[in-house]
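What follows is a set of notes on a single structure, which appears directly below.
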Amino acid sequence: MASFSFTWLGHATFLFQSPGGKRIVLDPWMTGNPSSPESAKKLGDLDLILVTHGHSDHVGDAVPLARSSGAHVVAPYEVSVWLQGKGLKNVTGMNPGGTLQVLGLSITMVPAIHSSSIEEDGKMLYLGVATGYVIKFENGLTVYFAGDTCVFGDMRLIAELYQPTVAFLPIGDLYTMGPEQAAKACELLAIKQVVPMHYGTFPALTGTPAKLRQLVEPRGVQVLEMKPGETAS
Ligand code: ZN
């Protein structure tokens, strides 16, 4: 079995390749994303699209990507209904606490502290709660993808219940946690590797991987800083 690899497609968008070869895109936003690399335009075959919440910088390309790839979409319940309203058929809605067994993967929706809405026809449409995901791959490797959130004490429960080895955490500040809270999150999650996301896209997102590194490396946590388009494993 090959290992888990992941490509940063800018902002909070990632392509995961599971040890069993499943291709998963998380929070697809390419159109209008200033940090989206050229490679994000042609992702090829996809098995699954995971959406954490309704904001346009997380769901913006879910509909065209699901249409062109035929991938199954998993989203918070209200977002799933909204996506079905856009004509998507292969959509599963979830709520925090639920685990979906699909394609040999175990996907658990977990809480996030954030809002979830989209602007349509000049009106704000609320789309339920914001969420994160814990993904257990075919070989047992478990990762936590936080979505947009602040730090919260129940990250300790995520550590206790699922023992993720890698966490994907937002660090940009303003709309999510910044590096200081992300450092606390690493401690609560008891992880040794963190992939920072949701930073550098706009000037308003001021958190940096350097700041996170300064806070967590003395405690033995590795910060995997990526460039958009880069793949790591
Ligand atoms: Zn958001």
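On a predicted model such as this, the values are computed, not experimentally measured, just so you know. Each ligand, and each atom within it, is numbered from 1 in the order the structure gives.
- Two rings, from Phe14 and Phe168, have their centers less than 6.0 Å apart.
- Judged by distance alone, with hydrogens and angles left aside, the side-chain atoms of Thr142 form no donor-acceptor pair with the main-chain N or O of Gln163 at under 3.5 Å.
- Partner of His198 under the side chain to side chain donor-acceptor pair (under 3.5 Å) criterion, chosen from Thr149, Asp27, Asp148: Asp148.
- In this structure, Val74 and Tyr133 have side chains that are in contact, with non-hydrogen atoms separated by less than 4.5 Å.
- Below the 2.8 Å limit, the Zn ion (ligand 1) has as protein N, O or S neighbours His53 NE2, His55 ND1, His114 NE2, Asp148 OD2.
- Checked by atom type, the side-chain pair Ser115/His53 shows no donor-acceptor distance below 3.5 Å.
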> Taking it one step at a time, do Leu43 and Leu9 satisfy side-chain contact (heavy atoms from CB on, under 4.5 Å)?
Replying inline: CA-CA 10 Å; Leu43 294 174; Leu9 301 175; 3.9 Å; yes
